[in-house]
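A short worksheet on the structure shown next.
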Amino acid sequence: MPDRSVIPEEIARITSQPRVYVRRGGAPRKGGRCVVYWMQRAMRILDNPALDVAIEAGNQLGLPVVVFFSVIPNYPNANLRHYHFMAQGLRDVAEDAAERGVGFVLRRFPDNSVEAFLEEVEAALLVSDENPCREPERWRKVLARRLKLPFWTVDADVVVPSAVFGRSYFLLHHFRPHLKAELPQYLVAQAKMEPAYAWNPLRGLSSYAVGQDLTAGFAKLDRSVRPVDSFTGGTHAAVRHLGEFLRHDLTHYEKTRNHPELKGTSRLSPYLHFGNIGPLTIALAVEKAVADGKASASARDRYLEQLIGWRELSVLFVRHNPNYDNWECAEPWARKTLVEHAGDDRPHRYSLEQMERGETGDELWNAAQQEMVDTGWMHNYMRMYWAKKILEWAPDPARAFEWAVMLNDRYELDGRDPNGYAGIAWAIVGKHDRPWFDRPVFGLVRPMSGTSIAKKIDARAYIRQNGAASGQVEF
């Protein structure tokens with residue numbers, strides 16, 4: 001067994017990878033019995049760079065790896081819908097971890113302390129995954145100050161590590177050349193890291209059964225937003241969804257992607273949000289489909305611009321802007337003109353409660369809201385219209401942003417996510433967009449209307465599909 005009294009050169013090399021952030025340095029615990037991977041955002045065993053780093057470190061130290069997942073009753077803005085989807089995904093994690101040869105321990109509040117678990121299993125070092133959102137980042141910083149052993153985090157849910165760029169970008173076309181320069185290095189299959197040392201749990205080490213109710217006893221959990229049957233959580237379901245998209249929809253993606261009535265997108269955003277599947281897995285599968293003659297290169301390029309370009313631009317936005325989820329992130333030109341038009345007469349005003357129930361006078365908007373409430377997902381084209389109408393109907397831009405975030409995070413399975421926050425910021429306060437033509441209420445922020453959308457899609461079909469409340473379409 002290797003001597004673990006000093007930091008091996010191979011361990012130091014691991015921490016030099018662009019994906020790895022050293023939250024707390026130092027030598028691994030002398031006499032440590034395992035490497036712990038504290039799984040949070042990347043809830044998967046398949047193609048998980050954070051797990052690979054943990055396994056690589058474990059192999060160098062002569063130690064097994066155990067995955068630790070902690071369930072808390074008050075994850076920010078999460079409700080029963082989100083916990084149910086998460087629980088489904090954790091069943092796949094448990095199954096796939098056993099097949100991979102790593103341990104998996106699930107704990108619930110109040111017996112879910114990461115620090116206590118590290119002592120219980122005598123961990124040599126701790127690895128976790130990155131999450132740029134505010135609260136998870138705070139947890140990592142607090143834990144790093146308290147620990148007495150090395151703590152690394154890994155940027156596991158982007159193709160190109162965010163540290164490579166080190167900044168955000170105003171527009172996608174500013175970001176695109178930098179991304180294009182880096183993609184050849186990162187858009188490649190990664191070698192599967194096999195654990196060299198088997199995990200043999202200590203006698204009496206407890207783990208909550210993945211088949212039991214994860215939310216039992218969580219008295220303050222919002223249970224009013226019910227689970228949906230439109231999506232099943234987990235890596236196995238994500239891989240099936242991906243396969244169906246590649247077989248049936250990728251070849252038509254350029255024509256159907258902006259047609260919400262045709263459902264021509266991959267619908268993988270809930271799985272990306274929960275980390276059930278990684279963007280690299282999807283991107284490489286798309287590349288293979290093109291190589292096999294099942295889709296065109298132009299369809300691939302258009303899809304990857306969404307999956308990698310817009311999505312990773314959104315991650316950089318959230319990582320580098322502390323106001324990513326509120327009005328204060330507005331572009332200066334958008335802020336100025338929105339303030340100038342804040343007192344404009346609005347043709348309609350609706351309360352948050354009316355919007356939440358889908359009781360506006362716009363059937364198309366009601367259909368989009370209903371799709372989100374009923375299925376936990378909304379087509380991206382409709383998300384833009386949905387948010388812009390909230391700006392038009394809310395009392396002021398700040399409340400419009402607040403209401404859009406609240407509804408998005410409450411009902412979307414992919415809510416509480418950089419992609420969602422960037423999309424709302426694009427629609428309401430001009431983030432990653434350019435000034436448009438000055439008009440009432442919107443100022444220079446790009447508007448959208450039901451009339452313009454009806455020229456591009458079959459709006460009536462979309463309304464019928466989503467059983468919207470009665471109203472008029474603003475065509």
If I take atom [atom1] from residue [X] and atom [atom2] from residue [Y], how far apart are they, to the nearest 0.5 angstrom?
{"X": "Gln40", "Y": "Trp139", "atom1": "CD", "atom2": "CH2", "result": "6.0 Å"}
{"X": "Asp52", "Y": "Tyr37", "atom1": "CG", "atom2": "OH", "result": "9.5 Å"}
{"X": "Thr251", "Y": "Leu246", "atom1": "OG1", "atom2": "CG", "result": "11.0 Å"}
{"X": "Asp433", "Y": "Leu171", "atom1": "CG", "atom2": "CG", "result": "7.5 Å"}
{"X": "Leu338", "Y": "Asp396", "atom1": "CG", "atom2": "CG", "result": "10.5 Å"}
{"X": "His236", "Y": "Asp92", "atom1": "NE2", "atom2": "CG", "result": "4.0 Å"}

Pairs touching residues 310-332 that satisfy ring-ring contact (aromatic ring centres under 6.0 Å, His included), sequence neighbours left out
Phe317-His432, Tyr324-Tyr421

Under 6.0 Å between ring centres, would you say that holds for Phe231 and Phe85?
no

Run the ring-centre check on His82 versus Tyr75 and record whether the distance is less than 6.0 Å.
no

Taking salt bridge (charged side-chain N to carboxylate O under 4.0 Å, His left out) as the criterion, tell me which of Glu312, Glu305, Glu182 meets it with Arg176.
Glu305

Identified salt bridge (charged side-chain N to carboxylate O under 4.0 Å, His left out) counterpart of Asp129 within the set Arg41, Arg140, Arg19
Arg140

Quick one, Thr235 with Asn276, criterion side chain to side chain donor-acceptor pair (under 3.5 Å). Give me CA distance, side-chain angles, the key distance, then yes/no.
CA-CA 5 Å; Thr235 297; Asn276 296 159; 5.1 Å; no

Taking atom types as modelled, is there a side-chain donor on [X] or [Y] under 3.5 Å from an acceptor on the other?
{"X": "Glu130", "Y": "Thr153", "answer": "yes"}
{"X": "Thr215", "Y": "Arg223", "answer": "yes"}
{"X": "His348", "Y": "Asp362", "answer": "no"}
{"X": "Tyr411", "Y": "Gln369", "answer": "no"}
{"X": "Trp377", "Y": "Ser269", "answer": "yes"}
{"X": "Thr451", "Y": "Ser449", "answer": "no"}

Could you tell me whether the side chain of [X] and the main chain of [Y] form a donor-acceptor pair under 3.5 Å?
{"X": "Asn79", "Y": "Arg410", "result": "yes"}
{"X": "Arg44", "Y": "Gly275", "result": "yes"}
{"X": "Arg357", "Y": "Glu359", "result": "no"}
{"X": "Ser16", "Y": "Arg13", "result": "yes"}
{"X": "Arg349", "Y": "Trp393", "result": "no"}

Keeping to residues at least two apart or across chains, list the salt bridge (charged side-chain N to carboxylate O under 4.0 Å, His left out) pairs with something in residues 247-264.
none

Pair Glu135-Arg138, salt bridge (Lys or Arg N to Asp or Glu O under 4.0 Å): steps then yes or no:
CA-CA 5 Å; Glu135 196 65 10; Arg138 185 183 68 81; 2.6 Å; yes

Do other residues, nucleotides or ligands put more than 12 heavy atoms under 6.0 Å from the CG atom of Asp345?
no

Could you go through the ring pair (Phe, Tyr, Trp, His ring centres under 6.0 Å) check for His241 and Tyr271 one step at a time?
CA-CA 10 Å; His241 266 260; Tyr271 300 103; 5.2 Å; yes

